Every structure is written in C-alpha cells, then in structure tokens.
Engineer: 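Would you mind keeping the following structure in view while I ask a few things?
As the structure is a prediction and not an experimental result, all values here were calculated from the model.
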Amino acid sequence: MSAPAPITHFTGTQVAIVTGAAQGIGRAIALRLAEDGLDICVDDLPSKIDLLNEVVAEIKQLGRKAIALPCDVTKEQEVKDLVEKTVAQLGRLDVMVANAGIAFPSSIMEANIDQWESIWAVNMRGPVLCYKYSAIQMAKQNSGGRIIGKKATNIRRFDSNAKITSFYRCLVNLRIARLRQSRSILHVKGISSFVNPDSIKYGITVNAYAPGIIETEMTTHPLDKDLGEPCAALKRTMNIPHAKVGQPEQVASLVSYLASPESHFLTGQTISVNGGVVFN
C-alpha cells in the first residue's frame, strides 16, 4: 500500500464492531461504547443471535444505531464480510474490539484435540483476521482508528498439592481451561506490537486489555454456590482465594478510553484490569 495522504479528522458519528458481544465482557463493551455515542455492530456465533438481538435492542434504547451480524471469526471470508456489511449499513468503521474468546474445561488425559484447535482458532486466528480487515478499512478512510484486542492474563500461582477428589478434579479441569485460553490469547500482545509499525502511519492505534477474574459465564462454575461467592472455584484452583472479582463494566470502562480520541498517543500496549492480583 502506498504512503497515505495526510490524515483527516472525522467529526461525525463513529462506528464500532465488538466481537463476542452476546454476553459477558463483550456485551458490556458494546453498551458502554453506545453510551459514549458510537453506533455499534455486535457479533457472535449464529447460535447466539437471540442474545445479540437483545443487546441491539438495549443499544437502540440508548439512542444509537445498532446491528447484529453473527459470524465465525475463525473464517476469513466471514470476517471480511462482517467489516464490509458494517460499513455498508452503518457508514464506516472506527473501532474494532476483537473480544471473542473461548475455553473448554477438561483434564489433560481427556483432552480433545478438536477443542484445542478450536481454542487456538478463535483466540489467535480470530484476532488476526479482525485486525487485518478492520485496519484495511480504517486505512481506506484515512481518518485514524482504534483496534483493541483481549489478552488473557496468566496467574503465576496455583495449588499443586490439591488432592484429586471429585471436587478438586473439577478445579483441575477449570485450571486446564484457563491455561489453554491464556496460552492462546497471550499471543494477542504479540499481534498488537507487530501490527503497530504499519498502523501508526494511518493514525490507527492498536492496544489490548487483559482482564483478571471477571464475573462472566466463562469464569463461573456450579461449585461457586457451594463455596459461597462468585468465581470461587476458579480462585481456589488458581490459589488466589482472596482475589477481587471484577465486573464486565470495569473492563468496558478501560476499553471506552482505548477507543476514545484521547487515547491517540497510546499504542502497542497491553493494560491489565485485575484488581491487583499478581500476574505474569
């Protein structure tokens, strides 16, 4: 691509895509960006279309335009179509939040290779495709942009002396799921750093947020009720029983800043939102 013309300053309504937006952190981010005045495209798997439509309805109640475009972020053509359809229906693309991520709890002896490959596809291939096609569109617009990814934080400590009872077997399964997700989403940090030299000349910033223990569908477990607090099973298996549990809205507040014009001097960074827990 040839050297860009001087970047223009866009003063109209900005547009964001949020992947994995049917629930949890993605849903909170979509709603927060709508509160900030952006029009929103929410994306998740086709099986979650009803949840996506609920988010769309909430965004419209805030006075913003919103559309739901389900797709599989591991498939290049679908991600390309996601960006193109967003631009066709909402006019442009200014913010891409590559939030989609998955994990499957299972013991290592019961590991399903297809599941492992799915985790790497969603958590690694998905962000690469989202970054690629959003950056292409933002470069065409020549008015800057924000690309934001999710990086899993990797807890240092875990209980290696846990007895393998049926209770602790559940905890071990949770640990395996968390580590799988962390190892794959960890590479989002590298992606964010890698794309920056090419994006800076177009006024596009690329950053990532790293959530700690946030109460969502992915971090809760039926054992939590017996243990008496949210995310208790996850905290025990990571040997951080007193760790603070955050809410999706706290992560959304950070993303709100990363998506804002005020963050123009911040790029190539990963920012942790973890309540002070010791992480790698």
Side-chain angles (χ1 to χ4, degrees), residues 13-104 118-119 121-134 137 145-150 152 181 185 188 209 211 214-220 247-256 258-259:
T13 299
Q14 293 193 330
V15 175
I17 293 175
V18 183
T19 69
Q23 55 196 10
I25 293 173
R27 175 183 176 277
I29 290 171
L31 292 172
R32 176 57 188 266
L33 293 181
E35 291 174 358
D36 292 342
L38 281 73
D39 292 338
I40 310 293
C41 170
V42 291
D43 160 76
D44 214 306
L45 292 171
S47 61
K48 296 184 178 181
I49 185 60
D50 290 340
L51 292 173
L52 284 177
N53 286 334
E54 290 177 9
V55 179
V56 166
E58 290 185 65
I59 292 172
K60 288 181 176 179
Q61 288 178 353
L62 295 171
R64 305 312 320 164
K65 294 179 182 178
I67 58 174
L69 294 177
C71 85
D72 182 344
V73 296
T74 70
K75 297 180 179 178
E76 185 165 9
Q77 187 60 49
E78 292 193 24
V79 175
K80 184 174 184 287
D81 290 344
L82 171 66
V83 171
E84 291 178 350
K85 290 178 181 178
T86 297
V87 173
Q89 296 185 45
L90 296 179
R92 56 186 292 113
L93 177 61
D94 302 279
V95 178
M96 166 61 81
V97 184
N99 171 77
I102 61 172
F104 294 108
S118 294
I119 290 170
V122 174
N123 297 351
M124 184 65 179
R125 179 182 171 89
V128 169
L129 294 174
C130 289
Y131 283 29
K132 174 182 177 179
Y133 287 103
S134 60
Q137 176 60 35
R146 303 285 182 267
I147 298 176
I148 305 167
K150 177 171 68 175
Q181 186 192 35
I185 300 183
V188 170
Y209 56 95
I214 307 297
E215 186 178 3
T216 68
E217 293 79 3
M218 189 178 290
T219 58
T220 54
Q247 296 300 314
E249 291 74 18
Q250 292 163 325
V251 180
S253 294
L254 172 61
V255 175
S256 171
L258 294 177

Engineer: Go through the steps to decide whether D44 and L51 satisfy the test side chain to side chain contact (heavy atoms under 4.5 Å, CB included), and finish with yes or no.
Structural biologist: CA-CA 9 Å; D44 214 306; L51 292 173; over 6 Å; no

Engineer: Give me the atom names and distance for the closest heavy-atom approach of V251 to P211.
Structural biologist: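 Looking at all heavy atoms of both residues, the closest pair is CG2-CB, 4.2 Å.
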
Engineer: Residues two or more places apart in sequence or in another chain: which of them pass side chain to side chain donor-acceptor pair (under 3.5 Å) with Q89?
Structural biologist: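 For Q89, no residue satisfies side chain to side chain donor-acceptor pair (under 3.5 Å) once neighbours in sequence are set aside.
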
Engineer: Taking all non-hydrogen atoms of both residues, which atom of P127 and which atom of A98 are closest, and how far apart?
Structural biologist: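 What the structure gives for the nearest pair is CA-CB, 4.3 Å.
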
Engineer: Tell me the closest heavy-atom pair linking V55 and A22, and the distance in Å.
Structural biologist: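 Where V55 meets A22 most closely, the heavy atoms are CG2-O, 4.1 Å.
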
Engineer: Show the atom names and distances, to 0.1 Å, of all donor-acceptor pairs under 3.5 Å that link a side chain in residues 33-40 to residues at least two apart or in another chain.
Structural biologist:
from: D36; atom 1: OD1; to: R32; atom 2: NE; distance (Å): 3.3
from: D36; atom 1: OD2; to: S256; atom 2: OG; distance (Å): 2.5
from: D39; atom 1: OD1; to: R64; atom 2: NE; distance (Å): 3.2
from: D39; atom 1: OD1; to: R64; atom 2: NH2; distance (Å): 3.1
from: D39; atom 1: OD1; to: K65; atom 2: N; distance (Å): 3.0

Engineer: Out of curiosity, I25 CD1 to N99 CG, how far, rounded to the nearest 0.5 Å?
Structural biologist: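 One finds 6.0 Å between CD1 of I25 and CG of N99.
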
Engineer: Partners of A28 by side-chain contact (heavy atoms from CB on, under 4.5 Å), sequence neighbours excluded?
Structural biologist: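 A28: side-chain contact (heavy atoms from CB on, under 4.5 Å) contacts with P248, E249, A252.
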
Engineer: For G149 and Y131, work out which heavy atoms get closest and say how close.
Structural biologist: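 For G149 and Y131, the tightest heavy-atom pair comes out as CA-OH, 3.2 Å.
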
Engineer: So, using salt bridge (Lys or Arg N to Asp or Glu O under 4.0 Å) as the criterion, who are the partners of K80 when residues are at least two apart?
Structural biologist: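 Listed in chain order: E84.
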
Engineer: V95 vs I148, test: side chain to side chain contact (heavy atoms under 4.5 Å, CB included). Steps then yes/no.
Structural biologist: CA-CA 8 Å; V95 178; I148 305 167; 4.2 Å; yes

Engineer: Can you list the residues that meet the side-chain contact (heavy atoms from CB on, under 4.5 Å) rule with L254, with sequence neighbours excluded?
Structural biologist: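 By the side-chain contact (heavy atoms from CB on, under 4.5 Å) rule, L254 matches Y209, L258, I271, V273.
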
Engineer: Would you mind reporting whether V56 and L52 have side-chain heavy atoms less than 4.5 Å apart?
Structural biologist: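 A side-chain contact under 4.5 Å is absent here.
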
Engineer: Which heavy atom of C130 sits nearest to which heavy atom of T19, and what is that distance?
Structural biologist: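 Minimum heavy-atom contact is SG-CG2, 4.0 Å.
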
Engineer: Please give me the minimum heavy-atom distance between I49 and P70, naming the atom from each residue.
Structural biologist: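 It is CD1-CG, 3.5 Å.
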
Engineer: Just wondering, do D43 and T86 contact through their side chains at under 4.5 Å, heavy atoms?
Structural biologist: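 Heavy-atom side-chain distance check fails, nothing below 4.5 Å.
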
Engineer: What distance separates L69 CG from I17 CD1, expressed to the nearest 0.5 Å?
Structural biologist: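 L69 CG to I17 CD1: 7.5 Å, rounded to 0.5 Å.
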
Engineer: For D94, enumerate each residue passing the side chain to side chain donor-acceptor pair (under 3.5 Å) test, keeping only those at least two apart in sequence or located in another chain.
Structural biologist: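 Checked D94 against side chain to side chain donor-acceptor pair (under 3.5 Å); matches are R92.
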
Engineer: If the condition is side chain to side chain donor-acceptor pair (under 3.5 Å), which residues does E58 pass it with, not counting sequence neighbours?
Structural biologist: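 R27.
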
Engineer: What distance do R146 atom CZ and S134 atom OG have between them, rounded to the nearest 0.5 Å?
Structural biologist: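 Rounded to the nearest 0.5 Å, the CZ-OG separation comes out at 12.5 Å.
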
Engineer: Could you state the interatomic distance from CD (Q14) to CG (L90), rounded to the nearest 0.5 Å?
Structural biologist: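 Rounded to the nearest 0.5 Å, the CD-CG separation comes to 13.0 Å.
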
Engineer: Test of understanding: with side chain to side chain donor-acceptor pair (under 3.5 Å), list the residues that count as partners of E76, not counting sequence neighbours.
Structural biologist: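 By the side chain to side chain donor-acceptor pair (under 3.5 Å) rule, E76 matches K132, Y133.
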
Engineer: Only counting residues at least two apart or in another chain, list the ones meeting side-chain contact (heavy atoms from CB on, under 4.5 Å) with E78.
Structural biologist: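 side-chain contact (heavy atoms from CB on, under 4.5 Å) check on E78 returns C71, D72, K75.
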
Engineer: Run the side-chain contact (heavy atoms from CB on, under 4.5 Å) test against Q137 and tell me which residues pass, sequence neighbours left out.
Structural biologist: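 Partners of Q137 under the side-chain contact (heavy atoms from CB on, under 4.5 Å) test: V83, V87, L93, K140, Q141.
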
